[in-house]
Q: 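Quick one: the structure is below, questions incoming.
Note that the structure is a prediction, hence the values are computed from the model and not measured. Each chain gets a letter, A, B and so on, in the order its sequence line appears, and its residues count up from 1.
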Protein chains: 2
Amino acid sequence: MEEVSRNVKTQSAPKTISQQVYERLRDEVLTGSLHPGVWIREHDIASAWSVSRTPVREAVRRLAHDGLVESSPNRGVRVRVLTPQEVHDVYELRELLEGTAARRAAERADTSDVERLRAHLGHIDALPASEPAAHIRADEAFHDVIVAMAGNEALSDLTRRLYGRVARVKVITRDTNTNAQTRAQHHAIVEAIAAHDPEAAERAMREHIRTFKEIVAERLQREPEPQSD
Amino acid sequence: MEEVSRNVKTQSAPKTISQQVYERLRDEVLTGSLHPGVWIREHDIASAWSVSRTPVREAVRRLAHDGLVESSPNRGVRVRVLTPQEVHDVYELRELLEGTAARRAAERADTSDVERLRAHLGHIDALPASEPAAHIRADEAFHDVIVAMAGNEALSDLTRRLYGRVARVKVITRDTNTNAQTRAQHHAIVEAIAAHDPEAAERAMREHIRTFKEIVAERLQREPEPQSD
DNA sequence: GTCCTACGGATTGTATGCATGATACACTTT
DNA sequence: AAAGTGTATCATGCATACAATCCGTAGGAC
């Protein structure tokens with residue numbers, strides 16, 4: 001197993017080891033390398049990546065705070081199992097929060113905002129269906145821009161956290177990101193915002209999220225997440 | 001300065017030292033013992049309370065994640081300064097989220113829920129005005145119960161985070177917690193839920209939060225938070 | 001007088017050793 | 001054979017030592 005880079009000053013982004021371990025661990029949970037139910041032992045991660053337990057410990061705590069792993073006191077942490085109920089709840093919240101954000105965005109948008117939004121949309125439409133990971137990132141950025149347009153930093157923070165919490169299930173909707181309905185919904189949202197129509201913007205956003213909520217719910221029911229233990 | 005209790009098995013609630021340090025530190029930030037802008041140095045806290053830096057470090061990280069302190073890389077953490085804008089944004093979100101929660105609570109409440117809610121309200125009304133910290137905790141618990149009644153775990157999580165983020169400004173409304181208007185609003189919320197009237201419940205909750213939003217905004221404008229450095 | 005550099009102090013970031021608590025399994029007892 | 005108990009084992013919780021980094025400051029060059 002390869003080591004975590006230590007004193008590489010050229011890559012300034014993730015400076016501390018703790019940060020690197022956090023990002024890598026998070027990636028493995030989100031992409032499914034670490035299945036739900038698996039125990040994460042500090043010593044194992046530390047020796048596998050040639051770091052000490054301290055930064056691993058910190059990274060694990062952050063994951064617990066993010067809701068990606070659950071900790072048993074004095075026993076360790078394990079990757080959380082996403083229940084259909086939890087996914088449903090999160091999508092319900094996203095509908096409320098992002099619906100409101102879209103409304104506010106329609107009220108406040110200026111021409112440069114709309115321009116940036118159209119650019120993002122064009123970027124999404126241009127992505128080939130063969131790169132689901134890029135699609136997921138682009139979609140997240142698209143939603144992020146709209147929420148940011150609402151001008152409420154705390155709202156942006158919350159929706160980002162919500163997004164991270166269910167990011168793992170987005171993988172099962174990867175084929176849906178490119179179909180005609182999704183594109184139409186994206187365009188409807190953007191046009192409502194561009195037309196400064198708050199009602200239509202909120203309606204379009206809520207419908208968009210509701211569509212995905214139902215798709216995810218149905219597929220999770222058919223084939224639950226793979227689990228270990 | 002008194003020590004943090006270590007192996008006292010009689011008090012089982014806050015088991016780990018890290019947890020005790022976290023709760024105590026959080027209390028000091030919320031009650032204003034630690035002013036905005038003050039640097040929190042791990043070593044100082046550790047030696048003052050006779051523990052090692054490790055649990056202090058963990059506690060401080062959790063505070064950072066809660067948004068109560070901000071960290072400069074390799075420099076330390078300091079108590080955050082709350083801007084009026086940020087407070088406004090958070091209260092706006094609370095109005096949306098808790099208003100919705102109250103609506104759902106009114107739809108779903110059974111008799112035992114209502115009973116528990118009334119018990120909490122009685123507890124709040126019985127608290128002496130001389131203990132603002134206890135009041136803040138009790139008020140938080142009250143809101144928490146209502147949100148929990150909505151039956152959306154993710155919603156509970158989010159509102160708890162939001163609450164923690166502005167809990168410090170609640171200190172400047174400590175006299176308001178005990179006045180007649182606040183009590184009346186609390187009772188209005190509970191009665192609307194008890195009567196299974198979703199519309200009234202949401203309206204009452206939004207009005208309650210809006211009232212505090214305005215009080216906090218006005219007072220913050222008059223006299224900004226005390227700062228050090 | 002101003003700017004650049006090098007050094008020193010202080011604080012966080014990391015590593016490691018030891019203590020504590022929990023669980024699993026085997027052994028005893030009924 | 002089943003239930004209860006004791007012990008071995010292992011992972012976390014905590015303490016402490018060491019390394020890396022940042023900021024301020026003093027000193028010198030121009």
Q: With the threshold set at 4.0 Å, does a side-chain nitrogen-carboxylate oxygen contact exist between B:Arg161 and B:Asp157?
A: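 Here B:Arg161 pairs with B:Asp157 in a salt bridge, since their nearest N and O are under 4.0 Å apart.
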Q: Could you spell out the base pairing of DNA chain D in dot-bracket, with Watson-Crick or G-U pairs whose two distances are under 3.5 Å, [ ] crossing and | to another strand?
A: ||||||||||||||||||||||||||||||
Q: Taking only the side-chain heavy atoms of B:Arg53 (C-beta and beyond), determine which of C:dA15, D:dG13, C:dT12 contains the nearest atom.
A: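 For B:Arg53, the side-chain atoms sit closest to C:dT12.
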Q: Check this one for me: any side-chain N or O of A:Arg75 less than 4.0 Å away from OP1 or OP2 of D:dT12?
A: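 Result: no.
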Q: Taking atom C1' of D:dA11 as reference, at what distance in whole Å does atom CZ of A:Arg78 sit?
A: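 These atoms are roughly 15 Å apart.
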Q: Could you state the atom-to-atom distance from CD1 of B:Ile17 to P of D:dT12 in whole Å?
A: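 Distance check: B:Ile17 CD1 to D:dT12 P gives 18 Å.
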Q: Let me know the distance between CH2 of B:Trp49 and C1' of D:dC14, rounded to the nearest Å.
A: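 In whole Å, D:dC14 C1' lies 17 Å from B:Trp49 CH2.
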Q: Just the rounded figure in Å: distance from C1' of C:dG13 to OH of A:Tyr22.
A: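 It works out to 19 Å between those atoms.
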Q: How many whole angstroms separate atom NE2 of A:His43 from atom P of D:dC14?
A: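 Distance, rounded to whole Å: 19 Å.
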Q: Do the numbers put A:Arg160 on top of the ring of A:Tyr163, so that NZ or CZ is under 6.0 Å from the six-membered ring centre and no more than 45° off the axis?
A: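 No; the conditions do not both hold, so A:Arg160 does not lie above the ring face of A:Tyr163.
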Q: Which is it for A:Leu117 and A:Met149 under the side chain to side chain contact (heavy atoms under 4.5 Å, CB included) test, yes or no, and what are the steps along the way?
A: CA-CA 10 Å; A:Leu117 202 50; A:Met149 287 170 65; 4.1 Å; yes
Q: With sequence neighbours left out, write down each residue that passes ring-ring contact (aromatic ring centres under 6.0 Å, His included) with B:His186, or none if nothing qualifies.
A: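 Scan of B:His186 (ring-ring contact (aromatic ring centres under 6.0 Å, His included), adjacent residues dropped) gives B:Phe142, B:His208.
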Q: State whether A:Ser52 places a side-chain N or O below 4.0 Å from either non-bridging phosphate oxygen (OP1 or OP2) of C:dA15.
A: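 Checking A:Ser52 against C:dA15: at least one side-chain N or O falls below 4.0 Å of OP1 or OP2.
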Q: Regarding A:Ser18, tell me which of base, sugar-phosphate or nothing describes its non-hydrogen contacts under 4.0 Å with the strands shown.
A: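 Contact class for A:Ser18: sugar-phosphate only.
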Q: When the distance from CD1 of B:Ile40 to P of C:dT11 is rounded to whole Å, what number comes out?
A: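 My rounded result for the distance is 14 Å.
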Q: A:Arg118 vs A:Val114, test: side chain to side chain contact (heavy atoms under 4.5 Å, CB included). Steps then yes/no.
A: CA-CA 6 Å; A:Arg118 286 212 166 100; A:Val114 172; 3.5 Å; yes
Q: Could you pull out the closest heavy-atom pair between A:Asp113 and A:Asp110, with the gap in Å?
A: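 Scanning both residues completely, I find the closest heavy atoms to be N-OD1, 2.9 Å.
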Q: Minimum heavy-atom separation for B:Glu98 and B:Met205, please, with both atom names.
A: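 For B:Glu98 versus B:Met205, the nearest heavy atoms are O-CG, 3.5 Å.
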Q: Taking the minimum atom-to-atom distance to the side chain of B:Arg41, which one of D:dC14, C:dT12, D:dT12 wins?
A: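 Of the candidates, C:dT12 comes closest.
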Q: Starting at atom CD of A:Glu42, determine the distance to atom P of C:dT16, rounded to an integer number of angstrom.
A: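 Between P of C:dT16 and CD of A:Glu42: 15 Å.
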Q: Indicate yes or no: does B:Asp27 engage B:Arg137 in a salt bridge with an N to O separation below 4.0 Å.
A: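 A salt bridge links B:Asp27 with B:Arg137.
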Q: Just how far, in rounded Å, is P of C:dT14 from CD of A:Gln19?
A: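 It works out to 10 Å between those atoms.
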Q: Among residues 55-66 of chain A, which contact DNA chain D at a heavy-atom distance under 4.0 Å?
A: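 Contacting residues: A:Arg57, A:Arg61.
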Q: Test B:His65 against A:Asp66 for side chain to side chain contact (heavy atoms under 4.5 Å, CB included), laying out the working first.
A: CA-CA 10 Å; B:His65 209 118; A:Asp66 291 345; 3.5 Å; yes
